[in-house]
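See below for the structure under consideration.
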Protein chains: 2
Amino acid sequence: MATVNSYTGTMPTPDRTSLDAIVLAASDLLETDGLAALTMNAVAQRVGVRAPSLYKRVQGRDRLIQLVAEATLTDIADRLNAHSDPVRIASQLRAFGKERPAAFLLVMSPGAGTPVADDAFRHASVASLLRVAGELAGEQHALEAARTLTAWATGFISMELNGSFQLGGDVDRAWDFGVTRIIDAITVSR
Amino acid sequence: MATVNSYTGTMPTPDRTSLDAIVLAASDLLETDGLAALTMNAVAQRVGVRAPSLYKRVQGRDRLIQLVAEATLTDIADRLNAHSDPVRIASQLRAFGKERPAAFLLVMSPGAGTPVADDAFRHASVASLLRVAGELAGEQHALEAARTLTAWATGFISMELNGSFQLGGDVDRAWDFGVTRIIDAITVSR
DNA sequence: ACCTGAACACCGTTCAAGT
DNA sequence: ACCTGAACACCGTTCAAGT
């Protein structure tokens, strides 16, 4: 029966890292020092191998960034799916943005040319918003309502993280104002 | 009196390019081949010099990207300021995004780490939206209303350009739905 | 005063050679 | 089977040398 300390026989070399560790290291670098600092060398150093070894587990830097994006979208999905109130769901998305701004911007407003996550992941991340918007707006306008709500929420959070709200004022108040008015606006019976 | 063909005397060498030409070449490269293709070498080739010569006119690649962003924001400001109807202003912003998607994404949803335009340029670009939102919402809620409208518009257009609207449906209809509902929602007397 | 080739430090990526 | 050093082509940037 194999144990942790079992005899390894003629096994050449045990794995020194894993894909998960690589993606995690890449996420850390992204959040700490930005996308430019997410180099194959820096990732390799974090996981304790040399850069060429990474190519045994991931196709290249672009694919690694894509994996980071997909892992981020999964985290967002898990977080949003835990709630059913539209105000709370939107607020959870904003909280995520504040905790992991670089990851949020990577997946929610990828610049031109950044490797993009697979559709399934992007879909899952906003499933909650979609569902709740449908409930509010009725089947007739479910999709339009969902797009209005998600566009506003991602736009607002992105602008907040970008520092695009430079005119002072109370950003929290603007958020509350927006949430209230938009939910009201997409609700069918008013 | 100096003319175009005036005697140049002992002038060493006439300028072979200009900052404007450099920024224009960089904008073209961004739009055609993406931010990664906007290299100092590629820009230099377009304007007919070698890469090191660019440093006589611009501090480096990051600053050049920033200049492209600022020129883009000026273009957006000019375009939006030509109108006063909120629906039309929003629609002009969307039209710009479709004409120059890479430039739009660069300035409206810059990824983490991309060099960012000076506040004054960002401010000017959305001045029209701000003014019109103030008229709709009244002084009391002018800022919140402006932020709601701009967040929605930039969020929507970014998602459209990103291909984030993957669920089919009529995107134009979703736009019309959003514009109507949001303008209604931020208008004071309803 | 502007432009250039050469050089430097750094990328991502490939691959033969090690264990 | 995984890991590595060396190599390659490409970056951005600097600078002495040309005109």
Side-chain angles (χ1 to χ4, degrees), chain A residues 2 6-23 25-30 32-69 106 111-116, chain B residues 2 6-23 25-30 32-69 106 111-116:
Chain A
S6 70
Y7 175 60
T8 55
T10 57
M11 195 192 294
T13 31
D15 295 9
R16 265 170 239 186
T17 184
S18 68
L19 182 56
D20 280 353
I22 290 169
V23 173
S27 300
D28 282 351
L29 281 166
L30 169 68
T32 312
D33 302 315
L35 193 59
L38 167 24
T39 67
M40 297 304 268
N41 252 316
V43 171
Q45 191 171 352
R46 286 224 173 189
V47 300
V49 297
R50 303 284 184 171
S53 299
L54 298 177
Y55 292 81
K56 284 282 154 185
R57 301 201 160 66
V58 67
Q59 291 88 327
R61 183 174 182 263
D62 280 358
R63 174 67 181 151
L64 177 53
I65 293 171
Q66 191 183 337
L67 290 173
V68 170
L106 178 69
T114 19
V116 78
Chain B
S6 69
Y7 174 60
T8 55
T10 57
M11 196 191 293
T13 30
D15 294 7
R16 264 170 239 186
T17 185
S18 68
L19 183 57
D20 279 354
I22 291 169
V23 173
S27 300
D28 282 351
L29 281 165
L30 169 68
T32 312
D33 302 314
L35 192 59
L38 166 26
T39 66
M40 297 303 268
N41 252 316
V43 171
Q45 190 172 354
R46 287 225 173 188
V47 299
V49 298
R50 302 286 183 167
S53 299
L54 298 178
Y55 291 82
K56 284 282 153 186
R57 299 201 161 65
V58 66
Q59 291 87 327
R61 183 175 183 261
D62 281 356
R63 175 66 181 151
L64 177 53
I65 292 171
Q66 191 183 336
L67 290 173
V68 170
L106 177 69
T114 17
V116 78

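Per chain, numbering begins at 1; letters A, B, ... match sequence-line order.
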Ignoring hydrogens, what is the shortest heavy-atom contact between A:Leu64 and A:Met40? Give both atom names and the distance.
CD2-SD, 4.4 Å
Contact summary for A:Ala51 and A:Ala44, nearest pair of heavy atoms:
N-CB, 3.5 Å
Sidechain-backbone polar pair: A:Arg50 side chain, A:Asn41 backbone, donor-acceptor under 3.5 Å:
no
By nearest atom, which of the nucleotides [options] is closest to the [X] side chain?
| X | options | value |
| --- | --- | --- |
| B:Ser53 | C:dC3, D:dG12, D:dC3 | C:dC3 |
| B:Tyr55 | C:dT13, C:dC3, D:dG12 | D:dG12 |
| A:Arg16 | D:dC2, C:dG5, D:dT4 | D:dT4 |
| A:Arg50 | C:dG12, D:dT4, D:dT13 | D:dT4 |
| B:Pro52 | C:dG5, C:dC2, C:dT13 | C:dG5 |

Do B:Leu67 and B:Leu19 come within less than 4.5 Å of each other through their side chains, counting heavy atoms only?
yes
Start with the C-alpha gap between A:Leu35 and A:Leu38, add the side-chain angles, then the distance that decides, and say whether side-chain contact (heavy atoms from CB on, under 4.5 Å) holds.
CA-CA 5 Å; A:Leu35 193 59; A:Leu38 167 24; 4.3 Å; yes
According to side-chain contact (heavy atoms from CB on, under 4.5 Å), who are the partners of A:Thr17, at least two apart in sequence or on a separate chain?
A:Ala21, A:Ile22, A:Val47, A:Val49, A:Arg57
Mind listing the residues from residues 39-49 of chain B sitting with a heavy atom below 4.0 Å of DNA chain D? Number order is fine.
B:Thr39, B:Met40, B:Asn41
Base, sugar-phosphate, or nothing: which does A:Arg57 touch, judged by heavy atoms less than 4.0 Å apart?
sugar-phosphate
Base-paired stems in DNA chain D, each at least three Watson-Crick or G-U pairs under 3.5 Å
C:4-8 with D:12-16, C:12-16 with D:4-8
Considering the options B:Val58, B:Asp28, B:Leu29, B:Val23, which one meets the side chain to side chain contact (heavy atoms under 4.5 Å, CB included) requirement together with B:Val43?
B:Leu29
Between C1' of C:dC2 and CG of B:Leu19, the distance in whole Å:
15 Å
